Protein chains: 4
Amino acid sequence: MTVRRGGAPRSEAARIAILEATARQVVERGFAHMTVEGIAADAHVGKQTIYRWWSDKSELVAECMVEGYLLPDLLTVSSTADLRDDLRRALTAQFAFADDPAHASLLRSLIAAATDNAAIADRVRQALSADGLLRRRLDQGVADGDLPPGSPTKTIAEAIAGAFVLRVLLRTPPGNVSDEVERLLDAILGTGIAPAE
Amino acid sequence: MTVRRGGAPRSEAARIAILEATARQVVERGFAHMTVEGIAADAHVGKQTIYRWWSDKSELVAECMVEGYLLPDLLTVSSTADLRDDLRRALTAQFAFADDPAHASLLRSLIAAATDNAAIADRVRQALSADGLLRRRLDQGVADGDLPPGSPTKTIAEAIAGAFVLRVLLRTPPGNVSDEVERLLDAILGTGIAPAE
Amino acid sequence: MTVRRGGAPRSEAARIAILEATARQVVERGFAHMTVEGIAADAHVGKQTIYRWWSDKSELVAECMVEGYLLPDLLTVSSTADLRDDLRRALTAQFAFADDPAHASLLRSLIAAATDNAAIADRVRQALSADGLLRRRLDQGVADGDLPPGSPTKTIAEAIAGAFVLRVLLRTPPGNVSDEVERLLDAILGTGIAPAE
Amino acid sequence: MTVRRGGAPRSEAARIAILEATARQVVERGFAHMTVEGIAADAHVGKQTIYRWWSDKSELVAECMVEGYLLPDLLTVSSTADLRDDLRRALTAQFAFADDPAHASLLRSLIAAATDNAAIADRVRQALSADGLLRRRLDQGVADGDLPPGSPTKTIAEAIAGAFVLRVLLRTPPGNVSDEVERLLDAILGTGIAPAE
DNA sequence: CAATAACCGAGACGGTACGTCTGGTCTTCAG
DNA sequence: CTGAAGACCAGACGTACCGTCTCGGTTATTG
């Protein structure tokens with residue numbers, strides 16, 4: 001292991017102030033328009049203290065997300081007997097979140113950041129799929145016989161997340177959320193009517 | 001109507017040089033790191049000639065895409081009697097395109113640009129869904145009885161596009177493309193086995 | 001010759017504003033403590049406009065001096081029949097100037113600048129020797145027989161300037177100026193009494 | 001008096017390493033461009049160890065000079081019966097020293113330092129006038145009748161030092177040293193010919 | 001001989017300024 | 001009036017140092 005060779009240890013207070021300021025700046029200005037200088041000023045910190053520990057602003061945002069300063073898990077997947085209803089609840093909440101223009105704007109910022117930084121991308125996916133909760137509920141659906149055996153639950157979960165991402169990217173105007181959710185459920189789970197033979 | 005009051009007409013040569021330079025810069029540097037100054041130099045054009053006709057770099061990229069300098073339609077959807085095979089062909093080609101790291105990087109740049117500019121976002125969706133071709137093939141599938149009547153074909157097409165976008169965003173390592181495509185088809189079309197009652 | 005190929009010509013207004021601001025900053029802060037950023041702000045000018053035309057702050061100060069924004073000629077050498085009296089008047093005025101602490105401080109700043117930049121050094125010498133006026137009066141003194149024929153008038157003028165520079169450098173407290181001037185004249189012109197054989 | 005209440009005594013090794021490093025840095029970078037951090041690194045010493053004992057870099061340089069790490073006494077004034085010859089020897093050595101560009105550069109650095117710090121200025125004057133040796137030889141010249149009674153020997157010594165300082169400042173190109181020395185002696189001592197009546 | 005105190009090397013900290021790069025605007029001249 | 005060229009003001013970039021503070025560790029003196 002690395003031996004401490006003198007010097008003050010890293011300041012946790014500074015680290016937290018910087019991450020909080022970063023989160024504020026992402027929300028206020030967006031990823032593209034926020035500046036390291038602005039973060040330093042907001043956090044009452046020297047710029048060098050930022051550059052000492054992070055190489056660029058996408059690293060900052062990545063750590064912000066990992067530490068949960070930016071994006072809560074958007075999905076909370078309930079687990080009743082009714083798979084479709086559980087998913088409906090979860091997706092409705094997620095879509096409603098994105099219908100707030102400020103939230104949509106934040107999400108677009110994070111998508112932009114994700115194009116720069118794989119860690120952010122992964123964290124976005126985690127947030128969007130409730131870090132596996134969604135997939136686990138789908139697996140349960142397979143076990144319960146609500147989904148065909150062998151259903152690719154991981155892929156289904158990613159298709160749901162992807163549909164959501166694209167909706168945010170396309171700025172789909174907040175329409176009738178429940179209709180949209182229903183259509184997405186139809187697309188993923190089938191219309192509930194067995195396909196024609 | 002606005003009366004033209006003399007002077008030289010807009011130079012088509014300059015316009016084309018600028019769009020070509022923009023396309024080059026997106027590929028070489030990525031959307032976030034390219035500069036208007038760099039484009040002007042690359043196109044041997046004054047900065048003002050750019051600012052006179054476009055308000056910012058996302059407008060430039062948007063026009064580039066519309067004019068086809070940047071992204072070809074990624075899907076070419078065939079129309080045989082077998083829906084699943086038609087989709088398989090289309091998606092396989094699309095996934096293969098994204099497996100080239102340079103292409104994936106370009107796509108991420110365009111996603112970043114799309115977060116800034118709705119026109120780009122829409123154009124990305126168009127490219128990803130072959131400007132409606134995919135949806136039309138799905139509609140045909142409904143008509144042929146390959147999909148249940150009332151299937152939300154638009155939503156299905158967007159889920160497919162979304163799954164692809166998320167794959168690009170997450171930098172999913174190029175694995176077994178045919179398996180992944182198969183899983184995505186399973187997710188969207190069902191496993192081919194009627195869900196248990 | 002170089003052909004102008006377009007682009008706005010250099011702004012004379014900006015150039016003057018920068019030189020004036022530089023002069024103000026030298027006086028207010030001193031050469032060592034003034035900043036390019038401060039000058040830019042004072043002159044309401046972008047930093048690049050400074051760096052485009054000057055390589056560093058000693059170049060700025062040099063141009064300031066050449067243009068006369070900073071240091072007037074300190075000597076005005078009269079030309080009566082009495083060499084010693086002419087020099088007395090000139091040196092007394094110069095010493096009195098340096099007795100103002102602000103002036104002394106400015107002179108030290110310029111000496112510091114001169115250690116960086118030969119052009120400044122030469123301009124300081126010019127200012128100190130009235131750009132040759134002093135030497136010409138000494139030559140006249142030789143012609144009049146007030147100085148021995150063959151007297152090294154250039155060296156004498158430099159010794160006078162050097163004595164003054166050293167006085168400024170040493171911060172010799174403002175004492176009895178007329179005594180000091182008299183002693184310097186004695187040193188340079190002799191005590192007026194022929195040396196003992 | 002202040003009572004020592006325990007603790008390690010000041011490290012002489014560190015003090016010497018710092019002064020040596022300071023001297024190296026003055027020579028290598030010049031006073032204006034050397035840094036405390038560079039000195040600390042060069043001396044393998046913590047910055048605080050410097051700031052604990054010196055307030056700024058001009059203090060460091062001042063102590064360097066007092067301790068003789070930087071500038072030897074440039075004059076060694078011999079004391080034969082011939083005043084002019086004694087001075088000629090001394091000045092020739094001094095001028096020859098300054099003809100080495102590295103020495104001239106060091107002297108300019110010290111002049112720059114002297115503009116910041118009166119102690120350095122005084123030490124420079126001391127070095128240049130051999131700490132009074134020159135003046136004492138001039139006094140001897142008065143006693144011997146080589147100079148008029150009442151000659152202002154202090155002022156003469158300072159004029160000699162000043163002429164030398166100005167020569168260094170002006171970067172007078174190394175020309176014929178013996179001629180220059182001769183002219184300076186003429187300027188100070190007279191041409192050796194009694195002035196015309 | 002433990003406790004205390006001042007020292008030491010190392011290096012993180014909040015800052016200021018550097019010199020460069022780019023954004024968007026404005027100004028010239030050529031066509 | 002367009003377009004190439006490029007100067008302009010503004011301000012962020014990432015780096016270098018400033019002078020202070022905080023570590024772990026090392027001598028001395030003192031109770």
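Lettering of chains follows the sequences in order, A, B, ..., and the numbering in each one begins at 1. These numbers were taken from a predicted model, which means no experiment stands behind them.
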* Are the charged groups of Glu20(B) and Arg15(B) less than 4.0 angstrom apart, N to O? -> no

* Asked: Using a distance-only test with no angle check, is there a side-chain donor-acceptor pair under 3.5 angstrom linking Asn117(B) and Ser58(B)?
  -> yes

* Is the closest side-chain donor-acceptor distance between Arg52(C) and Gln48(C) under 3.5 Å? -> no

* Can you find a heavy atom in the side chain of Tyr51(D) that is under 4.5 Å from one in the side chain of Val36(D)? -> yes

* To do: Would you check if Tyr69(B) and Thr22(B) make a side-chain contact, meaning some heavy-atom pair closer than 4.5 Å?
  => no

* For DNA chain E, which residues in residues 45-54 of chain C have a heavy atom at a distance below 4.0 Å? -> Lys47(C), Gln48(C), Tyr51(C)

* **Pairing residues for Lys57(C) by the salt bridge (Lys or Arg N to Asp or Glu O under 4.0 Å) criterion, not counting sequence neighbours** => none

Rounded interatomic separation in angstrom, taking [atom1] from [X] and [atom2] from [N]:
X: Phe31(D); N: dC17(F); atom1: CZ; atom2: C1'; value: 15 Å
X: Gln25(B); N: dT22(E); atom1: CD; atom2: C1'; value: 13 Å
X: Arg10(B); N: dA4(F); atom1: CZ; atom2: P; value: 11 Å

* Structure fact -> On DNA chain F, more 5' by nearest nucleotide between Ala43(B) and His33(D) is Ala43(B)

* Asked: Toward the 5' end of DNA chain E, which comes first, Ser11(D) or Glu37(B), by nearest nucleotide?
  -> Ser11(D)

* Asked: Where the side chain of Thr35(B) is defined as all heavy atoms beyond and including C-beta, which of dG6(F), dA17(E), dG23(E) is the nearest nucleotide?
  -> dG23(E)

